[in-house]
Asks: 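The structure that follows is given in the form of structure tokens.
In the text below, chain A, chain B and the rest are named by the order of the sequence lines, each starting its count at 1.
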Protein chains: 2
Amino acid sequence: MAQVTATARNGDTAQRILDIAERLMQVRGYNGFSYADIAETMRLTKASLHYHFPSKSELGRRLMERYTENFLAALGRIDATGADAHEKLQRYVSIYAEVLANKRMCLCGMLAAEYATLPKSVKAEVTRFFDANETWLVGLLQEGKRSKDVSFGGSAIEIARTITASLEGAMMLARAYDDAERFNRAAQRLLADIAGSPSARARQLTT
Amino acid sequence: MAQVTATARNGDTAQRILDIAERLMQVRGYNGFSYADIAETMRLTKASLHYHFPSKSELGRRLMERYTENFLAALGRIDATGADAHEKLQRYVSIYAEVLANKRMCLCGMLAAEYATLPKSVKAEVTRFFDANETWLVGLLQEGKRSKDVSFGGSAIEIARTITASLEGAMMLARAYDDAERFNRAAQRLLADIAGSPSARARQLTT
DNA sequence: GTCTATAGGTGGATAGAC
DNA sequence: GTCTATCCACCTATAGAC
């Protein structure tokens with residue numbers, strides 16, 4: 001299954017720091033955690049953390065960089081399955097669902113909310129993430145339309161943006177209610193209505 | 001037009017504090033602003049702010065309370081128009097669009113992201129807001145279905161939740177890209193696909 | 001690479017004069 | 001109601017020993 005969260009528990013120190021920081025940032029946000037929080041969980045002093053990541057903005061940037069890398073790798077694994085477009089979209093959704101299952105927000109959804117307060121270098125990484133998402137989804141949608149696995153009207157780019165934004169929003173609300181099923185129901189409805197398989201689309205209309 | 005943001009510029013001090021704090025919180029989040037920020041904008045000392053709002057959590061709670069009140073009032077004005085369900089949904093979307101036009105996030109979308117770090121009393125107000133949203137939308141959707149102004153399959157409650165979550169997500173992304181049109185395009189697509197008028201739905205399928 | 005110690009700043013919050 | 005003055009906890013970050 002598509003796995004985004006890194007688990008380099010036996011990796012080097014920098015990677016372990018990123019693991020802890022990533023979780024903290026996904027749960028509490030960029031402005032909601034400190035070097036002290038990481039230090040406490042890791043049994044390492046704040047000063048040592050600064051050796052690996054001189055500033056918080058650098059930590060945030062590196063974190064985003066790794067997150068996007070892992071996310072793109074997960075998308076690559078979806079591509080490698082050779083499944084049809086409809087199935088690939090389901091797997092795309094399952095990436096989000098898995099993050100939520102760990103009681104976390106998508107790192108980029110979190111940072112999009114805090115966007116106004118972020119260091120410039122972190123902001124740039126956040127939009128890079130969403131741009132990469134968009135590119136991947138557009139390719140998938142166009143391919144799916146040709147092969148008639150999915151059906152939609154209008155531009156693929158708008159559909160792609162709507163899907164990502166909606167999933168991020170559904171994730172945010174589901175986490176506030178601590179109810180993963182909220183996310184799953186919203187996600188299935190979105191896929192069926194916005195870019196569903198022709199059969200699913202027909203079911204949705206039948207009422 | 002539906003107006004949520006309060007503008008009590010000539011109101012009493014407490015209301016003016018809430019106005020400033022509201023804007024700061026919508027732009028920077030609960031963890032991204034301080035009493036000092038309010039004080040600076042208002043030309044009032046931090047100590048004076050504490051006279052009106054003893055603690056930040058109390059300020060946050062009162063802010064959310066007022067925000068929900070204003071939002072529900074806006075929904076009441078939509079009801080009062082007597083428009084059909086499709087038109088009412090458009091006006092619902094326009095509330096969000098207007099907040100975004102002021103370069104702000106929906107206060108509750110912002111707080112949903114920061115949820116894990118919020119004081120309990122503020123958390124409660126956030127879910128109360130979304131619950132009230134859901135109730136209003138469900139009523140509207142059921143009424144619209146009866147009168148055939150909108151068409152959708154499945155439960156109204158799921159549609160309502162999906163609409164709100166998707167709008168919040170679209171708002172978040174649009175603000176990060178400083179591109180209000182991103183929100184508008186996503187919102188129109190969502191309405192058409194998820195709970196559109198039968199004619200709009202037909203247009204969307206025609207491709 | 002990790003530590004102790006600390007700098008320099010800001011956070012929310014309070015006491016008490018006016 | 002608003003002010004000055006202050007507290008103490010916490011923040012990011014650095015210096016320098018080991």
Asks: Check the distance between D/dT2's P and B/M42's CE and give it to me in whole angstrom.
Replies: 8 Å
Asks: Rounded to the Å, how far apart are B/I17 CD1 and C/dG12 C1'?
Replies: 15 Å
Asks: If only side-chain N and O atoms of B/H50 are considered, is one of them under 4.0 Å from the OP1 or OP2 phosphate oxygen of D/dG1?
Replies: no
Asks: With the side chain of B/A47 defined as its heavy atoms from C-beta on, choose the nearest nucleotide among D/dT14, D/dC3, D/dA13.
Replies: D/dC3
Asks: Could you tell me how far apart B/R43 (CZ) and D/dG1 (C1') are, to the nearest whole angstrom?
Replies: 18 Å
Asks: Atom NE2 of B/H52 to atom P of D/dT2: distance rounded to whole Å?
Replies: 4 Å
Asks: Would you say D/dG1 has OP1 or OP2 under 4.0 Å from some side-chain N or O of B/Y51?
Replies: yes
Asks: Could you state the CG-P distance from B/L44 to D/dT2, rounded to the nearest angstrom?
Replies: 5 Å
Asks: With distance as the sole criterion, is a donor-acceptor pair present between the side chains of B/Y177 and A/D131 under 3.5 Å?
Replies: yes
Asks: It should be established whether B/T13 places a side-chain nitrogen or oxygen under 4.0 Å from OP1 or OP2 of nucleotide D/dT2.
Replies: yes
Asks: Does the side chain of A/S48 get closer than 4.0 angstrom to OP1 or OP2 of C/dC3 through an N or O atom?
Replies: yes
Asks: For B/F33, report the nucleic acid contact type (base, sugar-phosphate, nothing); a contact means any heavy atom under 4.0 Å.
Replies: sugar-phosphate
Asks: Taking only Lys NZ, Arg NE, NH1 and NH2, and the carboxylate oxygens of Asp or Glu, determine whether B/E158 and A/R182 approach each other closer than 4.0 Å.
Replies: no
Asks: Is the closest side-chain donor-acceptor distance between B/Y35 and B/T45 under 3.5 Å?
Replies: no
Asks: Distance alone, cut at 3.5 Å: any donor-acceptor contact between the side chains of B/Y30 and A/N31?
Replies: no
Asks: Have A/N184 and A/E181 got a donor and an acceptor in their side chains that come within less than 3.5 Å?
Replies: yes
Asks: Find the distance B/Y35:OH to D/dC7:P and express it as a whole number of Å.
Replies: 21 Å
Asks: Which whole-number value in Å describes the distance from A/D12 CG to C/dT2 C1'?
Replies: 15 Å
Asks: From CD of A/E40 over to P of D/dC10, roughly how many Å is that when rounded to an integer?
Replies: 10 Å
Asks: Would you say A/T45 reaches C/dC3's phosphate, i.e. side-chain N/O to OP1/OP2 under 4.0 Å?
Replies: yes
